[in-house]
Amino acid sequence: MKNSMKKKYSKKTKEIIFALAIVAIPLLWWAFSFTCQTGGTILLAFKKYNPLTQETVWCGLDNFKQVFSEIGTSGTLLNVSLKNSVILWLAQVFISIPLSVIISFGLYKNVYGSKMYKVILFLPHIISGMVWVLIYKTFIEYGLRADYIINESKNFMALYLYSFWLGFAGNMIMYTGAMSRIPSSLVEAGHLDGMTDMQEFWYIALPLVYPTMSIVLITCVVSIFTVQLPVHQFYDTANSVKPEKYHLYTFGFYNFIKGLGGDLTETPIISALSMIVCVIAAPVSLGVKSLLNKIGPTVEY
Amino acid sequence: MKKKILSVALSACVLSSVTTMGVGCGKKDLTEKIDASKTQLYVNVLECGVGNQFLASLKSKFESAYASESFEEGKQGVQLMMRQAQVDDAQLTSALASPDVDIYYVVNVDFTKFINLTNGTSEYFEDITDIVVEGGENSIHNRIYENYRKAYNVGTETSPKYFVLPWYSSYFGTVYDVGLFKEKHLYSNDPQSAIVYKGLDGIVQTEDDNWGPDGLPNSFDDGLPATWSDFDELLAEMKTQGITPFVFTEYADYANGWLGSLWASYEGKDNFQLSSNFDGTYTYTDENGQTATKTISFDNGYEVATQNGAKAAVSIAEKIIREKLFYEESLYSGTDHLKAQKLYLGSKAGLNPDGKPIAFLMEGSWWENEAKDYFAEIAARKGSEYAYGTREFAMLPFPKFTESTEFVPKQVNTKITLKSNSVRRYVNGVLVNKKSDQKDLAKLFLKFAYSDEMNADFNINSGLTRPMTYTMKPEQLQQLTPYQRSIYELTQNENVEIVTSSCEKPVMRTQMSLIADINSFKSKIGTAEKTLVFSAFYTDNKITKESYWGGMLNSDVKSRWLAVNWNL
């Protein structure tokens with residue numbers, strides 16, 4: 001019997017069956033939930049809920065019109081969310097990414113104390129985010145005795161700096177990883193020709209990590225629609241929905257907070273917004289990818 | 001062989017990940033084994049400030065009362081299986097899809113999601129009207145307070161329909177440290193007190209000087225400030241003695257809840273109730289200091305948002321911040337309700353960095369029960385005089401605005417008005433799962449739990465009141481802490497009226513965020529919108545009570561209100 005089994009299936013087939021058995025249940029679960037969620041979102045985007053009769057009725061494109069109208073009206077939550085999302089995207093592209101690359105280069109070059117900096121910068125990825133929120137709040141309120149967390153004119157920046165600091169390690173892992181793969185022969189040859197560290201960064205490191213940077217830049221485009229400041233972590237649910245926090249909203253946080261309560265009068269609107277985002281994000285991401293491929297250096301190493 | 005072991009291990013991992021999906025489902029009780037000779041009734045109680053001690057007490061009494069009765073063939077007696085899982089608004093739908101739990105005690109649930117208000121049916125909740133109306137004059141329906149009845153009864157007054165019963169009533173207000181008041185001679189009728197009040201008549205050395213805000217001699221509030229002018233005298237004495245007046249939190253609207261209670265206290269029941277029905281007459285003091293009236297309907301319902309009571313609350317908030325009458329950490333973002341309780345309890349024990357005692361806590365009436373663990377912790381560190389039930393606290397009735405000032409007109413209401421928790425949308429309650437296998441037994445349990453005796457038992461074991469008429473015997477009152485006793489006695493006092501925010505008309509449910517904004521202190525100052533009144537004054541020195549109030553008049557509540565068709 002055993003022999004017949006062995007003959008019936010080759011070693012490779014058995015390995016494939018084994019691998020499939022491992023991933024089958026998660027895949028089925030993903031397919032089920034993806035189909036239900038996406039299907040439900042599409043249907044909901046064309047419906048409205050009446051809380052008195054508990055009925056959902058077809059409403060055509062009303063939800064889409066409402067989303068566009070709110071985005072276009074100054075001061076509305078969606079309008080503010082769009083502005084903040086773009087600001088965070090610009091900050092990511094022009095501040096976070098360049099700084100990450102520069103600091104990663106410093107770590108790659110083993111500047112004085114680089115090992116200590118690595119530990120400090122990677123700590124946020126080892127310890128729970130909520131712990132860091134508490135540490136950050138305590139540092140500002142009990143240490144600095146400052147009102148940066150509750151003052152509306154200051155808390156956008158305070159939350160951005162927190163997100164920037166926390167997101168730093170993720171970027172650095174990628175860039176230092178890419179830089180560690182730079183052929184040492186290339187660097188040595190440059191040094192023999194009298195290359196300075198600045199020239200090494202500009203002419204060797206930067207072009208060679210460009211593929212990694214371009215991937216980050218492409219994901220950044222999508223992040224316009226998903227990025228959020230840690231508003232919910234810093235403030236409780238009830239305070240997160242207060243008008244005082246509206247200036248901290250982004251598209252990602254808007255969707256999160258509106259979907260949080262499962263309020264049937266709100267979910268059709270976020271369903272319509274999700275569909276709009278999907279239709280815009282897909283071609284824009286592909287466009288950016290194509291553009292980056294055209295303008296960037298082509299390197300292989 | 002190694003591969004086989006590896007494959008078995010990996011398969012086990014996959015299977016375990018699948019089986020963990022089932023955790024949390026099924027009839028599970030974490031504390032008790034099933035007694036097969038009895039019928040099991042599964043009750044889930046949400047973990048919150050109410051605790052579960054009341055259910056443990058109810059369990060033993062219910063099981064004893066029906067020990068000899070049979071609810072299933074071959075079984076005798078009932079076994080109440082207690083569960084404590086966080087089932088909130090979002091989770092209730094999926095929880096009710098299975099018959100696993102027969103009864104749910106829930107908080108912050110929008111019941112209108114589960115009940116069709118137009119035809120009074122529910123796919124999720126069992127209709128419990130029969131046990132609620134049973135008993136004629138003494139029925140549960142008749143014993144529930146009127147304003148709660150309007151919220152929980154989805155039928156009419158003559159033909160009631162119930163799916164949910166209110167779990168508890170709570171009152172937001174000012175907790176004051178009776179022990180501290182005695183020790184520091186802060187009662188004006190204390191012979192050693194340096195405080196001199198004028199009382200409601202505003203004249204010093206008259207008989208009502210020490211009668212408190214109810215204006216009656218020998219009552220619960222004697223020696224307490226009757227007016228805000230008297231309150232200033234108390235504050236001056238506190239400053240002399242190095243006492244911090246207030247600690248509070250803006251977490252989850254606690255501070256605004258306190259301001260809402262102040263608003264209700266200023267306006268009184270009839271005026272405040274206008275935000276629940278938008279149908280009646282608003283009686284107020286006009287700019288000439290004369291009593292005037294105005295008809296409120298859905299046509300001008302937005303005007304309720306700017307009642308004089310809101311103005312009075314804004315002025316007190318400004319005073320507390322500008323005169324630094326609060327413990328600084330109150331407005332730190334990390335200060336939630338539990339932290340505020342700790343700061344308050346720890347202050348008298350010298351556990352706060354500044355070492356100063358704090359006189360008042362802005363809290364709901366559940367706070368003492370919620371802080372039980374911290375009471376025990378302080379008692380262990382500092383001595384049994386700090387234990388739960390040993391320290392004396394009570395609810396401070398709000399002083400009155402008896403004289404018009406440039407900003408706040410004098411109040412018309414002369415009664416003590418307590419504002420209980422809102423029953424507009426996200427409310428507390430107990431319900432029977434429509435899919436339950438033991439519906440009759442579950443209803444019998446509810447009938448038992450809402451009897452006069454068990455209402456008193458609930459009060460003893462949770463420290464919270466039921467929003468129903470019931471009487472506690474003297475020996476039962478002795479089992480309450482001084483604070484709980486003060487709340488119970490306030491609710492039973494004929495000079496005290498209770499109000500709440502509710503939705504008395506179904507059309508209000510189509511505009512819930514707008515209705516909520518009526519009592520939200522929403523203000524538009526420049527381009528910024530504010531609702532957290534204390535924070536607004538704290539973070540911006542330029543904001544005054546006048547500018548905040550101007551922002552309330554200028555908020556979008558009016559334009560949004562007028563855009564709604566209320567004749568649906």
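Chain naming here is simple, since letters A, B, ... match the order of the sequence lines and numbering starts at 1 in each.
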- Item | Derivation and outcome, side-chain contact (heavy atoms from CB on, under 4.5 Å), residues A:Tyr142 and B:Glu329 | CA-CA 9 Å; A:Tyr142 292 85; B:Glu329 282 184 39; 2.6 Å; yes
- Start with the C-alpha gap between B:Tyr251 and A:Tyr235, add the side-chain angles, then the distance that decides, and say whether ring-ring contact (aromatic ring centres under 6.0 Å, His included) holds. CA-CA 8 Å; B:Tyr251 169 86; A:Tyr235 311 98; over 10 Å; no
- In sequence, state the C-alpha distance, the side-chain angles, and the governing distance for A:Lys245 and B:Leu532, and then conclude on side-chain contact (heavy atoms from CB on, under 4.5 Å). CA-CA 11 Å; A:Lys245 303 294 176 295; B:Leu532 299 170; 4.2 Å; yes
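Between chain A and the options B:Thr112, B:Ile115, B:Thr527, B:Val507, the largest number of non-hydrogen pairs under 4.5 Å is found for B:Ile115. The candidate from B:Thr510, B:Asp110, B:Asn116, B:Leu117 with the greatest count of non-hydrogen atom pairs under 4.5 Å with chain A is B:Asn116. Contact count against chain A (heavy-atom pairs under 4.5 Å) is highest for B:Ala252 among B:Ala252, B:Ala536, B:Ala528.
Between the side chains of B:Ser535 and A:Glu244, not a single donor N or O lies within less than 3.5 Å of an accepting N or O.
Residue B:Leu331 touches chain A through both its backbone and its side chain, counting heavy-atom pairs closer than 4.5 Å. Both the backbone and the side chain of A:Ile150 come within contact range of chain B, judged by heavy atoms closer than 4.5 Å.
Nearest approach of A:Glu141 to B:Gly334, heavy atoms of both residues: OE1-N, 3.7 Å. The minimum heavy-atom distance linking A:Pro243 with B:Glu529 is given by the pair CB-CB, 3.5 Å.
The backbone N or O of B:Asp253 lies less than 3.5 Å from no partner atom in the side chain of A:Asn239, so there is not a single donor-acceptor pair.
By the neighbour-count criterion of 12 heavy atoms within 6.0 Å, atom CZ of A:Phe139 is sparsely surrounded, having that number or fewer from other residues, nucleotides or ligands. No more than 12 heavy-atom neighbours from other residues, nucleotides or ligands sit within 6.0 angstrom of NZ on B:Lys324. Atom OH of A:Tyr148 has 12 or fewer neighbouring heavy atoms from other residues, nucleotides or ligands inside a 6.0 Å radius. Within 6.0 Å of CE on A:Met157 lie no more than 12 heavy atoms contributed by other residues, nucleotides or ligands. Annotation: A:Lys154, atom NZ; neighbour count of heavy atoms from other residues, nucleotides and ligands within 6.0 Å is above 12.
Salt-bridge annotation for B:Glu328 and A:Arg145: present, with a side-chain N of the basic residue lying under 4.0 Å from a carboxylate O of the acidic one.
Atom CG of A:Asn151 sits about 9.5 Å away from atom OH of B:Tyr538, to the nearest 0.5 Å.
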